[in-house]
Asker: 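Handing you a structure now.
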2 protein chains.
Amino acid sequence: MTVYALDSSNGLAARIGRAIGDRVVLLEGKEFPDGESYVRVPQRPEGPAILVASLHPPQDKNFVKLLLALEAISALKPEGLFVVVPYLAYARQDKRFLEGEPISVKVILRSIEAAGATGLVVVDVHKPSALSEHLSIPHRNAMPSREVAEYFKGRLRSPLVLAPDAGALERAKIVAEHLSADYDYLVKERDRVTGEVRAQPKSMDVQGRDVLIVDDIISTGGTVALAASTVLRQGASRVFAACTHAVMVKGALDLMMSSGVEEVVATDTVPSPVSRITVAPAIVEALKSLFDEVL
Amino acid sequence: MTVYALDSSNGLAARIGRAIGDRVVLLEGKEFPDGESYVRVPQRPEGPAILVASLHPPQDKNFVKLLLALEAISALKPEGLFVVVPYLAYARQDKRFLEGEPISVKVILRSIEAAGATGLVVVDVHKPSALSEHLSIPHRNAMPSREVAEYFKGRLRSPLVLAPDAGALERAKIVAEHLSADYDYLVKERDRVTGEVRAQPKSMDVQGRDVLIVDDIISTGGTVALAASTVLRQGASRVFAACTHAVMVKGALDLMMSSGVEEVVATDTVPSPVSRITVAPAIVEALKSLFDEVL
């Protein structure tokens, strides 16, 4: 087995390599003066090849590098080419909200398959059913819920785990179960008099409790900031936020901290200053299950 | 017939639309705060759809937009979806120069086909045989040689058309024939005593002649600058440079002008300050020939 990594993902790839006892081969890369990317596989694969390539910003550049790497590795004829995409860009555009829109995630998934991948592992993808809808190769969606729960174990008093909306409740529920905590989801409403927007738990009381907001992606930080200021006003003791993918735009962390969030933590699918939880164990488990199916 | 254009190509698309008597529909687009692109088709196609989308820098961003647009248009079920890619990025990486390298142009072409294109027109692609090697859909490579020759007709005295290397001779030859001019290709050699690199015609004498260097892509401008200073030192009267794709990096134009080039001119496959020749007629001709094959 040979584990390859693009430079966008060498940290996580090293952790995956360590977990499965394999050295990681970093792909060579450069950028031509006109902006085109170049990648090269410096070493032939032995047995199956695994490529770790996260699609965080600059998404499009990382996406093209991933496709180039897949073409280069598949030309070296490994016994299977398994791609780990810890953060899958464009995953939120998973249906046609309006006529004339693309299903962007379909484009990304189809291109990865067309470029030679024979198996895919993603982490906490926005809509897991998108994988079977658009792929014909075997795939897994690794969930880091246990790792997120472990991070907070024993640190929260009377914890309440909150999902940012009803659709994200399942993720919060699993983290809550690991923590033996209550869970609920946030409902956004506009005050008819003041016009102020609030985000508060559907039914749970936050009074005197430590609140943990669990989401898949934090991008602008707006939802977390809004929820934090609402529940703190309603008497919550402390607010924490955990996400899988810290695709945080400039100012996002500031916005959340200034809204009273005690700590923001994320996994290492997107390298960031708050990526203190590794998804390597969840990815290795998913890879093993994929190998059992395929090899 | 409906002609769609991405914002990277609206000028050329308008010229194509005018030539075939159709209005051009500009695709809606925006960028999300995290850097992901969004496109939307604002109007259903009537009959076959043509999408004009050049892949000049930022190549990767324009490539993803092209794939998203293809997915969105093909979902609207046009009677054929023909893509015009005036400048095809990554076309120079058309073989494995070293083991472990990707054939980058294959990745680009395969993704375009996988995203729903049913026909492709490119302009003056680096290696035309790459199209039939990597595509199963019908395709054309439109050449702007006649348009380039027209631009210089009657303006050059005792003209000599030069290709930058032997591999590019065919392009120079066609332009030369339109101009009833001589042609040759440049040979790079290093002076064994001074170490200086020269680029001079293989066999033709440049003394007192107007030299026109014809290339497919000008990127850094280094080759043109080197050739210009050499032939001017050898007594050439004036030096002109024409290229199809002005993928000129910062400083390229300055470099060429300061080496004594009288004028640099390019087509509009890549919008640039020197794009004074339109490839619209050559593209329309290629589209008509494609329609004759397919529809």
Side-chain angles (χ1 to χ4, degrees), chain A residues 27-28 32-44 56-76 89-93 96-104 106-108 110-116 217 219-220 222 247-252, chain B residues 27-28 32-44 56-76 89-93 96-104 106-108 110-116 217 219-220 222 247-252:
Chain A
L27 297 185
E28 291 171 8
F32 290 109
D34 63 3
E36 285 187 4
S37 291
Y38 170 89
V39 301
R40 183 169 172 243
V41 185
Q43 191 181 308
R44 295 183 148 271
H56 50 77
Q59 300 90 339
D60 298 347
K61 197 163 260 301
N62 285 330
F63 172 59
V64 170
K65 281 187 197 173
L66 164 57
L67 297 183
L68 297 178
L70 283 174
E71 203 285 315
I73 298 170
S74 71
L76 297 171
Y90 291 96
R92 281 166 291 185
Q93 186 78 26
R96 296 184 217 287
F97 299 90
L98 297 172
E99 179 178 280
E101 283 186 344
I103 301 180
S104 305
K106 176 179 168 185
V107 166
I108 303 296
R110 288 274 182 94
S111 298
I112 290 174
E113 184 167 332
I217 303 174
S219 178
T220 62
V247 193
M248 290 195 283
V249 307
K250 205 167 146 46
Chain B
L27 297 185
E28 290 172 8
F32 289 109
D34 63 2
E36 285 187 5
S37 291
Y38 170 90
V39 301
R40 184 171 172 242
V41 185
Q43 191 181 307
R44 295 183 148 270
H56 50 77
Q59 300 89 339
D60 298 346
K61 198 165 260 302
N62 284 330
F63 172 61
V64 169
K65 281 187 197 174
L66 164 57
L67 298 184
L68 296 178
L70 282 175
E71 204 284 316
I73 298 170
S74 72
L76 297 171
Y90 291 94
R92 281 166 292 185
Q93 185 78 28
R96 296 184 217 286
F97 300 90
L98 298 172
E99 178 177 280
E101 284 186 343
I103 301 179
S104 305
K106 176 180 167 185
V107 166
I108 303 296
R110 289 274 182 95
S111 298
I112 290 173
E113 184 167 331
I217 303 174
S219 178
T220 62
V247 192
M248 290 194 284
V249 306
K250 204 165 146 47

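Letters A, B, ... mirror the listed sequences (proteins, then strands); counts begin at 1. All values below come from the heavy atoms of this structure, side chains included, with hydrogens, waters and symmetry mates left out.
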Asker: Tell me, for B:Ser219 versus chain A, whether the close heavy atoms (under 4.5 Å) come from the side chain, the backbone, both or neither.
Answerer: side chain
Asker: Considering only heavy atoms, which portion of A:Tyr90 lies under 4.5 Å from any heavy atom of chain B: side chain, backbone, both, or neither?
Answerer: both
Asker: Are B:Gln59 and A:Asp34 side-chain neighbours, meaning at least one heavy-atom pair lies under 4.5 Å?
Answerer: yes
Asker: By a 4.5 Å heavy-atom criterion (distance strictly below it), what part of A:Ala115 contacts chain B: side chain, backbone, both, or neither?
Answerer: neither
Asker: Under 3.5 Å, is there a donor-acceptor pair between the side chain of A:Glu99 and the main chain of B:Arg44?
Answerer: no
Asker: Between B:Gln93 and A:Glu36, is any pair of side-chain heavy atoms under 4.5 Å apart?
Answerer: no
Asker: At a heavy-atom separation under 4.5 Å, does A:Lys106 approach chain B through its side chain, its backbone, both, or neither?
Answerer: side chain
Asker: Charged N to carboxylate O below 4.0 Å: is that the case for A:Glu113 and B:Arg110?
Answerer: no
Asker: Let's test your reading of the structure: which of B:Thr220, B:Ile103, B:Leu76 forms the most heavy-atom pairs below 4.5 Å with chain A?
Answerer: B:Ile103
Asker: Would you check if A:Leu67 and B:Phe63 make a side-chain contact, meaning some heavy-atom pair closer than 4.5 Å?
Answerer: yes
Asker: I'd like to know if the side chain of B:Tyr38 reaches the main chain of A:Glu101, judged simply by a donor and an acceptor atom lying under 3.5 Å from each other, with no hydrogens or angles considered.
Answerer: no
Asker: At a heavy-atom distance under 4.5 Å, which candidate from A:Ala114, A:Ala252, A:Pro33, A:Gly116 has the highest pair count against chain B?
Answerer: A:Pro33
Asker: Contact part of A:Ser37 toward chain B, heavy-atom cut-off under 4.5 Å: side chain, backbone, both or neither?
Answerer: both
Asker: Which answer fits A:Val64, side chain, backbone, both or neither, if we ask what part of it has an atom under 4.5 Å from a heavy atom of chain B?
Answerer: side chain
Asker: Would you check if A:Arg96 and B:Arg40 make a side-chain contact, meaning some heavy-atom pair closer than 4.5 Å?
Answerer: no
Asker: I'd like to know which of B:Ser104, B:Pro57, B:Ser74 tops the heavy-atom pair count under 4.5 Å against chain A.
Answerer: B:Ser104
Asker: Of all the heavy-atom pairs spanning A:Leu68 and B:Pro102, show the shortest one and how long it is.
Answerer: O-CB, 3.2 Å
Asker: What residue, out of A:Val41, A:Val247, A:Asn62, A:Leu70, has the most heavy-atom pairs lying under 4.5 Å from chain B?
Answerer: A:Val41
